[in-house]
There are 2 protein chains.
Amino acid sequence: MEKDTRAKLLEAASTLFAHKGFAAVSVRDLAQASGANVAAVSYHFGGKEGLYHAMLEYQFEPIAEALERIKTMPPLPPVERLTLYASLIAGVHQRRPYLLRIMHGELTSPTSGLEAVVKKYIPRIYSFLHQALTDGVAAGDFRPDLDVDFACISLAGILNFYFIVKPLARQLLPVPDRGDEKYVAQAFAIYLNGIRREKQ
Amino acid sequence: MEKDTRAKLLEAASTLFAHKGFAAVSVRDLAQASGANVAAVSYHFGGKEGLYHAMLEYQFEPIAEALERIKTMPPLPPVERLTLYASLIAGVHQRRPYLLRIMHGELTSPTSGLEAVVKKYIPRIYSFLHQALTDGVAAGDFRPDLDVDFACISLAGILNFYFIVKPLARQLLPVPDRGDEKYVAQAFAIYLNGIRREKQ
DNA sequence: GTCTATATTGCGATAGAC
DNA sequence: GTCTATCGCAATATAGAC
């Protein structure tokens, strides 16, 4: 029980911060949920904020890995790149079920973690989408009048939103669980179909 | 300066809660931002939570009005109903620029306000979309294999996400401001084009 | 590395003067 | 209806024993 107090705190921090936000979670909550002592947070992470930032880095780990992997890949055709993004979102959500909630928590209610961690990753994801869409327009795959900046936001929105509302959707709305892949498949199909150049 | 202390508190509560979330805003913050006294929050709203709920109701006012208006309207064709929803989102955002942020704050980090206020409105909006999509599939406007539950989430996602990230997009990403209507027009076009039945 | 005990600060709420 | 002063409590953080 020595070294993995850190891991248990990161785990507890992920679920608690994801569900209630930074300000609504106390160090005592974290200690209790993880089975650690209150002092452990300061000892291992230098305080609540340090734990929060470490948790953010932990959550973004699969994103960072994926971005590195993509950099070493041979360039794909635009549609394949967008498809890769869609499957990336779904895949990352399997490994880090709270990442999207946490990230959007940072977007709606920014804390110091936005500057410290989140701002490192968002622009890189955005650039990837932007480039794919720009290339796709140039190649004639997508509508020539497409506003690429807006189209990036649309893709992120149509995919991310599902994972954010999913926990509450099942309690608020009559949405049966038919699987994340099914949602992503249909949403991405709608999007891709929507930005494609009209067949003449 | 008698009666409108209430209004000033509601105004300050809207911006502060929208930007930082319920837990991160103190009664002292609210008093200072509104020019009111700390005791005014308890006097007028029975406490911080009461003010928060009143603010939520105030934010949902345009939604409530719109839902009432729609109930008295003759039934529209499915595509028109979706179009109405899209323009409703844009129009409401003009009157209540913080509504979508606040609502999604409640979705990612639920407080008592979710049960008390938000849960009244979400299912009614969802039903409206669900019915329009179901009718559209039945009428042959939309793809017959469309999963209507998922398609509701997709439409909300593609539209709402923009308004949520807008404030930060301008600081994080190279997205120039080309107007909300332009975003909504393109995003809705993508969505509608995406769910339409393939021309044979 | 872990724990208890404690220092300090800030919180929400309200009693009571005006 | 507004304000000051204050109560009681919970927050983060840490000193020091183990």
Side-chain angles (χ1 to χ4, degrees), chain A residues 1-58 102 105-106 109-117, chain B residues 1-58 102 105-106 109-117:
Chain A
M1 288 269 177
E2 285 174 351
K3 179 65 189 358
D4 70 351
T5 294
R6 265 188 75 95
K8 278 155 93 176
L9 275 170
L10 280 173
E11 205 46 57
S14 297
T15 69
L16 280 174
F17 285 134
H19 285 99
K20 316 213 287 171
F22 177 76
V25 175
S26 74
V27 176
R28 285 167 169 81
D29 294 336
L30 292 159
Q32 181 168 21
S34 66
N37 189 271
V38 273
V41 173
S42 280
Y43 179 78
H44 287 284
F45 299 97
K48 176 182 164 182
E49 195 179 53
L51 171 55
Y52 184 67
H53 290 183
M55 180 276 289
L56 283 177
E57 290 286 6
Y58 168 72
I102 290 164
E106 272 308 317
S109 303
T111 71
S112 62
L114 181 68
E115 284 285 335
V117 182
Chain B
M1 289 266 178
E2 284 174 351
K3 181 61 188 357
D4 70 350
T5 293
R6 267 188 74 95
K8 279 155 92 177
L9 274 170
L10 280 173
E11 203 48 54
S14 298
T15 69
L16 279 174
F17 286 133
H19 285 97
K20 317 214 285 170
F22 177 76
V25 175
S26 74
V27 175
R28 286 166 172 83
D29 293 336
L30 292 160
Q32 181 169 20
S34 65
N37 190 271
V38 272
V41 173
S42 279
Y43 180 78
H44 288 284
F45 299 97
K48 176 182 166 182
E49 195 179 53
L51 171 54
Y52 184 68
H53 290 182
M55 180 275 291
L56 283 178
E57 290 286 6
Y58 167 72
I102 291 165
E106 273 307 316
S109 303
T111 69
S112 62
L114 181 68
E115 283 287 334
V117 181

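Only a predicted model underlies this, so the values are computations on that prediction, with no experimental measurement involved. A note on names: the letters A, B, ... follow the listed sequences, proteins ahead of strands, and every chain is numbered from 1.
- Distance CD (A/Q32) to P (C/dT2): 18 Å, rounded to an integer number of Å.
- Summarising the geometry, the separation between CG on B/L9 and P on D/dC3 is reported as 11 Å, rounded to the nearest angstrom.
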Whether each nucleotide of nucleotides 11-18 of chain C has a protein heavy atom under 4.0 Å at its base (B), only at its sugar-phosphate (S) or at neither (-) is summarised, 5' to 3', as BBBB----

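- At whole-Å resolution of the value, CG in A/L51 and P in D/dA13 are 10 Å apart.
- Per the geometry, CG belonging to B/D4 stands 12 Å off C1' belonging to D/dG1, to the nearest Å.
- Side chains of A/F17 and A/L30 form a contact here, defined as non-hydrogen atoms less than 4.5 Å apart.
- No side-chain heavy atom of A/E11 sits less than 4.5 Å from a side-chain heavy atom of A/S34.
- Distance, A/H44 NE2 to C/dC3 C1': 12 Å, rounded to whole Å.
- In terms of heavy-atom proximity, B/V38 sits nearest to B/V27 at O-CG1, 3.7 Å.
- A cation-pi contact links B/K48 to B/F22, judged by a cut-off of 6.0 Å to the six-membered ring centre and 45° from its axis.
- Between B/S109 and A/G21, the shortest heavy-atom contact is OG-N, 3.7 Å.
- Closest non-hydrogen pair, B/A24 versus B/D29, comes out as O-OD2, 4.1 Å.
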